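Just so we're clear, the structure is a prediction, and the values are computed from it rather than from any experiment.
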Amino acid sequence: GRDGKWVAEEGLVYQEEWADGPEDGNVTNDDYIPGAGPVIWWVDDGYTGKVNEKTGLYTPESHPRVFFLGQRRADGRVVIFDESYAIYVLDAPHIEIVCKKPYPMPSYAVVDKSAVKLQAAIKKKGIPVYHVAPTVVERIKNSRGWLAPDINGVRRLTVNKRCRQFRHEMLTYKNDPNSKDDKPLKKSDNGPDAMGYGQWYEDFGGVLMGNQEGTYEESDIDFEFNN
(Lines give C-alpha, C1' and ligand atoms only; values in the text may rest on other atoms or scores of the structure.)
Protein backbone atom coordinates (compact mmCIF):
# COMPACT_ATOMS: atom_id res chain seq x y z
CA GLY A 1 0.00 0.00 0.00
CA ARG A 2 2.89 2.38 0.58
CA ASP A 3 3.65 3.04 -3.09
CA GLY A 4 -0.04 3.58 -3.87
CA LYS A 5 -0.53 0.08 -5.28
CA TRP A 6 -3.28 -1.57 -3.26
CA VAL A 7 -3.79 -5.29 -3.75
CA ALA A 8 -7.46 -6.27 -3.54
CA GLU A 9 -8.65 -9.47 -1.91
CA GLU A 10 -11.19 -11.89 -3.41
CA GLY A 11 -14.94 -11.63 -2.87
CA LEU A 12 -15.07 -7.90 -2.32
CA VAL A 13 -18.43 -6.16 -2.04
CA TYR A 14 -17.39 -3.47 -4.55
CA GLN A 15 -15.10 -5.68 -6.66
CA GLU A 16 -16.61 -4.48 -9.96
CA GLU A 17 -17.15 -0.79 -9.16
CA TRP A 18 -14.32 0.47 -6.94
CA ALA A 19 -11.06 1.37 -8.66
CA ASP A 20 -7.98 2.37 -6.65
CA GLY A 21 -4.96 2.87 -8.89
CA PRO A 22 -6.14 3.81 -12.40
CA GLU A 23 -6.08 7.49 -13.37
CA ASP A 24 -9.82 7.39 -14.04
CA GLY A 25 -10.65 5.47 -10.84
CA ASN A 26 -12.26 6.53 -7.57
CA VAL A 27 -9.00 7.43 -5.82
CA THR A 28 -7.62 10.73 -7.08
CA ASN A 29 -5.92 13.96 -6.04
CA ASP A 30 -9.35 15.66 -5.89
CA ASP A 31 -9.30 17.97 -2.88
CA TYR A 32 -11.34 20.59 -1.09
CA ILE A 33 -11.73 23.67 -3.30
CA PRO A 34 -12.92 26.87 -1.58
CA GLY A 35 -16.23 28.00 -3.06
CA ALA A 36 -16.79 24.82 -5.12
CA GLY A 37 -19.65 23.51 -3.00
CA PRO A 38 -20.75 22.81 0.57
CA VAL A 39 -18.64 20.77 2.99
CA ILE A 40 -20.54 17.74 4.32
CA TRP A 41 -19.81 15.10 6.95
CA TRP A 42 -20.74 11.44 6.48
CA VAL A 43 -20.44 9.59 9.79
CA ASP A 44 -20.48 6.04 11.15
CA ASP A 45 -20.39 5.61 14.92
CA GLY A 46 -18.00 3.21 16.64
CA TYR A 47 -15.58 2.94 19.55
CA THR A 48 -13.54 -0.27 19.79
CA GLY A 49 -10.74 -1.73 17.73
CA LYS A 50 -7.07 -2.27 17.15
CA VAL A 51 -4.45 -0.74 14.88
CA ASN A 52 -1.92 -2.89 13.02
CA GLU A 53 1.30 -1.28 14.24
CA LYS A 54 3.24 -2.12 11.07
CA THR A 55 0.79 -0.44 8.70
CA GLY A 56 -1.05 2.03 10.95
CA LEU A 57 -4.32 0.62 9.57
CA TYR A 58 -7.24 -0.72 11.61
CA THR A 59 -7.75 -4.48 11.74
CA PRO A 60 -10.85 -5.74 9.85
CA GLU A 61 -12.60 -6.61 13.14
CA SER A 62 -12.25 -3.04 14.45
CA HIS A 63 -15.18 -0.67 14.88
CA PRO A 64 -13.72 2.84 14.86
CA ARG A 65 -15.90 5.93 14.62
CA VAL A 66 -15.56 7.39 11.12
CA PHE A 67 -15.98 10.95 9.89
CA PHE A 68 -15.68 11.61 6.17
CA LEU A 69 -15.22 15.22 5.12
CA GLY A 70 -16.69 15.72 1.69
CA GLN A 71 -17.58 18.46 -0.73
CA ARG A 72 -20.68 18.31 -2.89
CA ARG A 73 -19.88 19.77 -6.27
CA ALA A 74 -22.36 21.62 -8.50
CA ASP A 75 -22.66 18.62 -10.85
CA GLY A 76 -23.82 16.34 -8.01
CA ARG A 77 -20.49 14.58 -7.55
CA VAL A 78 -19.05 14.24 -4.05
CA VAL A 79 -15.33 14.39 -3.27
CA ILE A 80 -14.26 12.83 0.04
CA PHE A 81 -11.15 14.87 0.71
CA ASP A 82 -10.33 13.82 4.27
CA GLU A 83 -11.16 11.21 6.92
CA SER A 84 -10.96 10.84 10.68
CA TYR A 85 -11.05 7.34 12.19
CA ALA A 86 -10.79 6.94 15.98
CA ILE A 87 -11.08 4.25 18.65
CA TYR A 88 -11.60 4.72 22.40
CA VAL A 89 -12.35 8.42 21.90
CA LEU A 90 -15.71 9.74 23.08
CA ASP A 91 -17.93 11.48 20.56
CA ALA A 92 -17.48 15.10 21.73
CA PRO A 93 -13.63 15.01 21.71
CA HIS A 94 -13.66 13.26 18.33
CA ILE A 95 -15.91 15.99 16.91
CA GLU A 96 -13.41 18.58 18.21
CA ILE A 97 -10.58 16.80 16.38
CA VAL A 98 -12.56 16.94 13.13
CA CYS A 99 -13.55 20.60 13.67
CA LYS A 100 -9.88 21.54 14.08
CA LYS A 101 -9.06 20.35 10.57
CA PRO A 102 -8.37 23.29 8.21
CA TYR A 103 -11.72 23.29 6.45
CA PRO A 104 -15.03 25.13 6.84
CA MET A 105 -17.65 23.67 9.16
CA PRO A 106 -20.05 21.36 7.34
CA SER A 107 -23.41 22.48 6.02
CA TYR A 108 -24.85 19.27 7.48
CA ALA A 109 -23.88 15.82 8.73
CA VAL A 110 -25.40 12.44 7.85
CA VAL A 111 -25.37 9.82 10.59
CA ASP A 112 -26.77 6.33 11.10
CA LYS A 113 -30.27 6.46 12.65
CA SER A 114 -29.29 4.38 15.70
CA ALA A 115 -26.43 6.69 16.82
CA VAL A 116 -28.62 9.11 18.79
CA LYS A 117 -25.99 10.30 21.27
CA LEU A 118 -23.52 11.06 18.46
CA GLN A 119 -26.24 12.91 16.53
CA ALA A 120 -26.93 15.06 19.59
CA ALA A 121 -23.23 15.84 20.08
CA ILE A 122 -22.86 16.98 16.44
CA LYS A 123 -26.06 19.02 16.62
CA LYS A 124 -24.73 20.74 19.74
CA LYS A 125 -21.99 22.26 17.51
CA GLY A 126 -24.75 23.95 15.48
CA ILE A 127 -24.51 21.47 12.61
CA PRO A 128 -27.80 20.18 11.14
CA VAL A 129 -27.89 16.40 11.46
CA TYR A 130 -29.82 14.07 9.16
CA HIS A 131 -30.26 10.39 9.78
CA VAL A 132 -31.10 7.60 7.37
CA ALA A 133 -32.08 3.98 7.92
CA PRO A 134 -31.84 1.90 4.73
CA THR A 135 -30.86 -1.76 5.10
CA VAL A 136 -27.23 -2.58 4.36
CA VAL A 137 -28.31 -4.43 1.20
CA GLU A 138 -30.23 -1.40 -0.11
CA ARG A 139 -27.32 0.93 0.74
CA ILE A 140 -24.89 -1.26 -1.17
CA LYS A 141 -27.11 -1.34 -4.26
CA ASN A 142 -27.30 2.45 -4.17
CA SER A 143 -23.56 2.89 -3.61
CA ARG A 144 -22.70 0.80 -6.67
CA GLY A 145 -24.18 3.54 -8.85
CA TRP A 146 -21.99 6.14 -7.17
CA LEU A 147 -18.75 4.19 -7.49
CA ALA A 148 -18.99 2.82 -11.04
CA PRO A 149 -18.32 5.12 -14.01
CA ASP A 150 -21.38 6.46 -15.81
CA ILE A 151 -21.77 6.36 -19.60
CA ASN A 152 -19.37 9.33 -19.84
CA GLY A 153 -16.81 7.63 -17.61
CA VAL A 154 -17.56 9.94 -14.67
CA ARG A 155 -17.70 8.51 -11.14
CA ARG A 156 -20.02 10.31 -8.73
CA LEU A 157 -17.73 9.58 -5.78
CA THR A 158 -14.01 10.24 -5.72
CA VAL A 159 -11.75 9.93 -2.70
CA ASN A 160 -8.50 11.75 -2.03
CA LYS A 161 -5.41 9.54 -1.78
CA ARG A 162 -4.79 10.73 1.80
CA CYS A 163 -7.83 8.69 2.99
CA ARG A 164 -5.74 5.60 3.72
CA GLN A 165 -8.07 3.94 6.22
CA PHE A 166 -11.04 4.12 3.87
CA ARG A 167 -9.01 2.86 0.91
CA HIS A 168 -7.86 -0.09 2.99
CA GLU A 169 -11.42 -0.91 4.06
CA MET A 170 -12.74 -0.79 0.48
CA LEU A 171 -10.17 -3.43 -0.46
CA THR A 172 -11.01 -5.70 2.51
CA TYR A 173 -14.83 -5.27 2.71
CA LYS A 174 -16.19 -8.65 1.62
CA ASN A 175 -19.38 -10.48 0.85
CA ASP A 176 -20.51 -13.10 3.37
CA PRO A 177 -20.24 -16.39 1.46
CA ASN A 178 -22.89 -17.90 3.76
CA SER A 179 -25.46 -15.13 3.36
CA LYS A 180 -28.54 -15.98 1.31
CA ASP A 181 -29.52 -12.34 0.85
CA ASP A 182 -26.26 -10.68 -0.32
CA LYS A 183 -25.25 -9.37 3.08
CA PRO A 184 -21.58 -8.44 3.59
CA LEU A 185 -19.39 -9.64 6.43
CA LYS A 186 -19.32 -7.24 9.38
CA LYS A 187 -15.63 -6.54 8.89
CA SER A 188 -13.95 -3.48 7.38
CA ASP A 189 -17.44 -1.99 7.12
CA ASN A 190 -17.00 1.30 8.98
CA GLY A 191 -16.06 3.59 6.09
CA PRO A 192 -18.32 1.73 3.64
CA ASP A 193 -21.24 2.26 6.05
CA ALA A 194 -20.51 6.01 6.44
CA MET A 195 -20.29 6.26 2.64
CA GLY A 196 -23.57 4.38 2.22
CA TYR A 197 -25.47 6.62 4.66
CA GLY A 198 -24.18 9.77 2.96
CA GLN A 199 -24.94 8.62 -0.57
CA TRP A 200 -28.42 7.50 0.50
CA TYR A 201 -29.11 10.96 1.95
CA GLU A 202 -27.87 12.73 -1.19
CA ASP A 203 -30.24 10.63 -3.33
CA PHE A 204 -33.30 10.20 -1.13
CA GLY A 205 -33.03 12.64 1.78
CA GLY A 206 -33.26 11.79 5.46
CA VAL A 207 -34.83 12.82 8.74
CA LEU A 208 -33.61 16.08 10.28
CA MET A 209 -32.87 15.66 13.97
CA GLY A 210 -35.35 17.87 15.85
CA ASN A 211 -34.83 20.12 18.83
CA GLN A 212 -33.70 18.25 21.91
CA GLU A 213 -36.63 19.31 24.10
CA GLY A 214 -39.16 16.54 24.10
CA THR A 215 -37.41 14.62 21.34
CA TYR A 216 -35.42 12.18 23.44
CA GLU A 217 -35.54 10.88 26.97
CA GLU A 218 -34.44 13.47 29.51
CA SER A 219 -31.76 11.11 30.84
CA ASP A 220 -30.06 10.97 27.41
CA ILE A 221 -29.81 14.74 27.30
CA ASP A 222 -28.30 14.91 30.79
CA PHE A 223 -25.76 12.30 29.82
CA GLU A 224 -24.79 14.18 26.68
CA PHE A 225 -24.79 17.78 27.85
CA ASN A 226 -23.88 17.71 31.52
CA ASN A 227 -20.84 15.45 31.59
Side-chain angles (χ1 to χ4, degrees), residues 4 6 8 12-44 66-85 98-99 101-113 122 126-171 173 189-209:
W6 293 69
L12 297 181
V13 172
Y14 296 114
Q15 190 100 39
E16 299 303 316
E17 299 84 13
W18 176 255
D20 187 341
E23 288 289 302
D24 59 353
N26 299 95
V27 179
T28 67
N29 292 314
D30 286 354
D31 213 333
Y32 170 70
I33 301 172
V39 171
I40 55 182
W41 286 359
W42 292 351
V43 190
D44 181 49
V66 178
F67 284 80
F68 286 146
L69 289 78
Q71 186 173 34
R72 197 180 72 229
R73 300 279 164 85
D75 59 4
R77 291 187 310 116
V78 170
V79 175
I80 293 177
F81 56 84
D82 207 352
E83 65 182 9
S84 180
Y85 280 59
V98 180
C99 287
K101 286 177 175 282
Y103 309 110
M105 290 290 276
S107 298
Y108 55 87
V110 184
V111 184
D112 172 28
K113 183 179 183 209
I122 295 172
I127 299 164
V129 178
Y130 292 91
H131 67 69
V132 296
T135 65
V136 65
V137 173
E138 288 296 310
R139 276 207 314 272
I140 287 169
K141 284 185 208 161
N142 192 54
S143 292
R144 293 192 196 286
W146 280 76
L147 296 175
D150 67 12
I151 51 169
N152 300 312
V154 177
R155 297 174 193 261
R156 281 183 76 192
L157 186 80
T158 56
V159 176
N160 188 284
K161 285 176 180 161
R162 70 170 66 93
C163 299
R164 288 186 70 233
Q165 301 288 355
F166 183 39
R167 292 168 65 191
H168 176 66
E169 287 200 304
M170 287 298 275
L171 295 181
Y173 182 45
D189 60 353
N190 312 286
D193 282 354
M195 172 186 76
Y197 302 142
Q199 291 166 335
W200 190 271
Y201 172 78
E202 296 300 326
D203 286 340
F204 308 113
V207 178
L208 179 65
M209 187 184 183

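Residues forming a side chain to side chain contact (heavy atoms under 4.5 Å, CB included) with P192 (at least two apart in sequence, or on another chain): F166, E169, M170, Y173. With sequence neighbours left out, the side-chain hydrogen bond (donor to acceptor under 3.5 Å, both in side chains) criterion links K141 to E138. Remark: E17 pairs with R144 by the salt bridge (charged side-chain N to carboxylate O under 4.0 Å, His left out) rule, at least two apart or across chains. Residues satisfying the ring pair (Phe, Tyr, Trp, His ring centres under 6.0 Å) criterion with F204, sequence neighbours excluded, are W200. Listed by chain and number, the residues in a side-chain hydrogen bond (donor to acceptor under 3.5 Å, both in side chains) with D75 are R77 (sequence neighbours excluded). Scored by the ring pair (Phe, Tyr, Trp, His ring centres under 6.0 Å) test, W146 finds no partners at all (sequence neighbours excluded). Taking W42 as the reference, nothing meets the ring pair (Phe, Tyr, Trp, His ring centres under 6.0 Å) condition, with sequence neighbours excluded. Listed by chain and residue number, H131 satisfy the side chain to side chain contact (heavy atoms under 4.5 Å, CB included) test with V207 (two or more places apart in sequence, or in another chain). A search for side chain to side chain contact (heavy atoms under 4.5 Å, CB included) contacts involving T28 returns D30, T158, not counting sequence neighbours. With sequence neighbours excluded, the residues that form a side chain to side chain contact (heavy atoms under 4.5 Å, CB included) with A133 are K113. In this view, K101 and D82 satisfy the salt bridge (charged side-chain N to carboxylate O under 4.0 Å, His left out) rule, not counting sequence neighbours.
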Please set out all donor-acceptor pairs under 3.5 angstrom arising from side-chain atoms of residues 104-112, sequence neighbours excluded.
| residue | atom | partner | partner atom | Å |
| --- | --- | --- | --- | --- |
| Y108 | OH | R72 | NH1 | 2.7 |
| Y108 | OH | E202 | OE1 | 3.3 |
| Y108 | OH | E202 | OE2 | 2.5 |
| D112 | OD2 | S114 | OG | 2.6 |

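Counting only distance, with no hydrogens or angles, the side chain of R155 and the backbone of V27 share no donor-acceptor pair below 3.5 Å. The backbone N or O of E83 lies less than 3.5 Å from no partner atom in the side chain of Q165, so there is not a single donor-acceptor pair. When atom types are taken as modelled, the side chain of D189 and the backbone of D193 share no donor-acceptor pair closer than 3.5 angstrom. When atom types are taken as modelled, the side chain of Q199 and the backbone of R139 share no donor-acceptor pair closer than 3.5 angstrom. Q71 places a side-chain N or O within 3.5 Å of a backbone atom of G37 that can act as its donor or acceptor partner. Judged by distance alone, the side chain of N160 and the main-chain N or O of R162 form a donor-acceptor pair under 3.5 Å.
Ring geometry, F81 versus Y32: the interplanar angle falls from 30° to 60°, so the pair is classed tilted.
Looking at heavy atoms from C-beta onward, L157 lies in side-chain contact with I80 at the 4.5 angstrom threshold. Side chains of I33 and R73 form a contact here, defined as non-hydrogen atoms less than 4.5 Å apart. Two residues are said to be in side-chain contact when any heavy atoms from C-beta on lie closer than 4.5 Å; Y14 and N26 fail this criterion. A 4.5 Å side-chain heavy-atom check between W18 and L12 finds every atom pair outside the cut-off. Between V78 and R156 there is no side-chain heavy-atom pair separated by less than 4.5 Å.
Rounded to the nearest 0.5 Å, atoms CH2 (W41) and CD1 (I127) are 4.0 Å apart.
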